[in-house]
A.B. asks: 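Handing you a structure now.
All ligand and atom numbering here is 1-based and tracks the order in the structure. Numbering of residues begins at 1 and proceeds along the displayed sequence.
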Amino acid sequence: DRTVREIAAGEVVERPASVVKELVENALDAGASRVAVAVENGGIDGIRVRDDGAGIPPDEIPMAVAKHATSKLDGMDDLDSGVATLGFRGEALHSVGAVAELTVRSRTPDADTGAELVVDHGDEGDVQPAGCPVGTTVEVRDLFGRTPARRKFLKTPATEFDRVSGVVSAYALANPGVAVSLEHDGREVFASPGDGNRRSAVLAVYGREVAESMIDVDHESDSGEVRVSGLVSHPETTRAGREYLTTYVNDRWVRDGDLRGAVVDAYGGQLATDRYPFAVLFVDVPARAVDVNVHPRKTEVRFDDDADVIETAREAVRAALLEHGL
Ligand code: ADP
Ligand code: MG
């Protein structure tokens with residue numbers, strides 16, 4: 001039984017960053033206006049995600065950690081018509097509980113107290129009353145502590161933290177109306193204000209120089225089917241890697257090499273060798289034109305009409321730079 005649980009868990013739980021991604025998505029799905037992420041030792045020793053969202057009633061917490069349990073689907077129709085919420089597989093919490101010590105503590109707005117449930121490497125405890133604020137806190141300790149073969153694949157804490165930071169940054173940038181914060185070993189790394197302003201989120205995550213260099217992008221394809229909007233940096237504000245090119249398709253964070261390539265392309269020869277711009281770029285296409293479910297971790301997409309999306313992204317960034325004489 002343990003083997004089955006562990007294999008299933010492998011699909012969504014690979015490393016601290018993949019756990020953080022699932023927990024942050026759940027917090028956003030719950031309508032949180034604040035999401036506070038704190039990790040220890042790159043997330044290897046501990047992960048805590050606290051939100052002020054809708055919460056989970058005590059009697060529903062066991063459901064939340066059960067296999068294939070989701071409160072977000074009414075039937076297969078939702079899968080066909082594009083996906084309204086970020087999480088919809090109902091396997092994240094269950095998968096985490098199978099390979100770590102998972103604590104879910106929650107309180108709904110109408111309840112006087114909250115409740116908590118611990119799942120210790122697959123062994124589920126009883127729901128206990130717990131004092132806590134409205135919303136949900138999920139804590140994960142001892143990730144892969146009983147599965148050394150999986151633990152072996154983790155990199156150094158610094159590398160794991162870089163990935164955690166990349167995930168939390170991507171969600172903070174895409175959700176400027178939500179106050180998102182990240183703490184590592186007790187130190188605040190960033191905290192976005194949640195004021196709804198995209199530039200404020202960039203300021204919090206990347207700092208003043210990058211925020212001030214950002215140029216607005218907003219462009220539609222001739223067909224009217226594809227819209228590309230967001231922010232890209234001045235060609236002199238760059239980094240050595242591509243990881244600061246953050247892209248979203250229909251508000252879902254994706255890492256697409258072609259999309260990043262199109263953005264870089266739009267700068268022509270203006271970037272120094274091996275330097276890449278910052279981007280926070282949103283691509284909107286009709287739901288039927290994109291398949292977001294090609295990967296269990298849901299960070300890859302497949303476009304029906306690849307060329308049109310990629311070309312529109314390139315045109316969009318080119319037009320924005322041109323408007324600034326670049
Ligand atoms: P999914 O998100 O695909 O439904 P998860 O395993 O991530 O599956 O979560 C299972 C269920 O637990 C969710 O459907 C939701 O009802 C509940 N849940 C999880 N996290 C939260 C949260 N932060 N706030 C409120 N409910 C939550
Ligand atoms: Mg989920």
A.B. asks: Going by atom types only, do Thr312 and Ser221 share a side-chain donor-acceptor pair under 3.5 Å?
C.D. replies: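 No, no side-chain donor-acceptor pair sits under 3.5 Å.
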A.B. asks: Relative to ligand 1, is Ala30 under 4.0 angstrom through side chain, backbone, both or neither, heavy atoms considered?
C.D. replies: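 Ala30 to ligand 1: side-chain contact only, backbone stays beyond 4.0 Å.
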A.B. asks: Between ligand 1 and Asn26, is the shortest N or O to N or O distance under 3.5 Å?
C.D. replies: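 So ligand 1 has an N or O lying under 3.5 Å from an N or O of Asn26.
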A.B. asks: Relative to atom 12 (O) of ligand 1, which among Gly135, Ala64, Ser95 owns the nearest non-hydrogen atom?
C.D. replies: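 Selected option, by shortest heavy-atom distance: Ala64.
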A.B. asks: Is the number of heavy atoms from other residues, nucleotides or ligands within 6.0 Å of CZ (Arg34) greater than 12?
C.D. replies: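 No.
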A.B. asks: Geometry only, no angles: is Gly55 polar-contacting ligand 1 at N/O separations under 3.5 Å?
C.D. replies: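 Between Gly55 and ligand 1, no N or O pair is found under 3.5 Å apart.
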A.B. asks: Can you tell whether the side chains of Glu116 and Arg105 come within less than 4.0 Å, N to carboxylate O?
C.D. replies: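 A salt bridge is present here (some side-chain N lies under 4.0 Å from a carboxylate O).
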A.B. asks: Quick one: which ligand 1 atoms are inside 4.0 Å of a heavy atom on Glu91?
C.D. replies: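 By the 4.0 Å cutoff, the relevant atoms are 6 (O), 8 (O).
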A.B. asks: Please say whether Leu93 places an N or O atom under 3.5 Å from an N or O atom belonging to ligand 1.
C.D. replies: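 Yes, since at least one N or O of Leu93 sits under 3.5 Å from an N or O of ligand 1.
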A.B. asks: Could you verify whether a donor N or O on one side chain and an acceptor N or O on the other, from Tyr276 and Glu243, lie under 3.5 Å apart?
C.D. replies: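 No.
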A.B. asks: Taking Asp218 first and then Arg227, would you say they form a salt bridge - that is, a charged N and a carboxylate O separated by under 4.0 Å?
C.D. replies: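 Salt bridge present between Asp218 and Arg227.
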A.B. asks: Heavy-atom distances under 4.0 Å decide this one: backbone, side chain, both or neither, for Met63 against ligand 1?
C.D. replies: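 The answer is neither.
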A.B. asks: Considering distance alone, does some N or O of Asp51 sit under 3.5 Å from an N or O of ligand 1?
C.D. replies: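 Yes, there is a polar N/O contact under 3.5 Å.
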A.B. asks: Can you tell whether the side chains of Arg242 and Asp274 come within less than 4.0 Å, N to carboxylate O?
C.D. replies: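 Looking at Asp274 together with Arg242, the answer is no, because their closest N to O distance does not fall below 4.0 Å.
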A.B. asks: Under a 4.0 Å heavy-atom limit, does Thr136 contact ligand 1 with its side chain, its backbone, both, or neither?
C.D. replies: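 Within the 4.0 Å criterion, Thr136 contacts ligand 1 through side-chain atoms alone.
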A.B. asks: Taking a cutoff of less than 4.0 Å between a non-hydrogen atom of the residue and any ligand atom, is Glu22 in contact with ligand 1?
C.D. replies: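 No; Glu22 lies far enough from ligand 1 that no heavy-atom distance drops under 4.0 Å.
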A.B. asks: Cut-off 3.5 Å, side chains only: do Asp142 and His121 have a donor facing an acceptor?
C.D. replies: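 The criterion, which ignores hydrogens and geometry beyond distance, is satisfied for His121 and Asp142.
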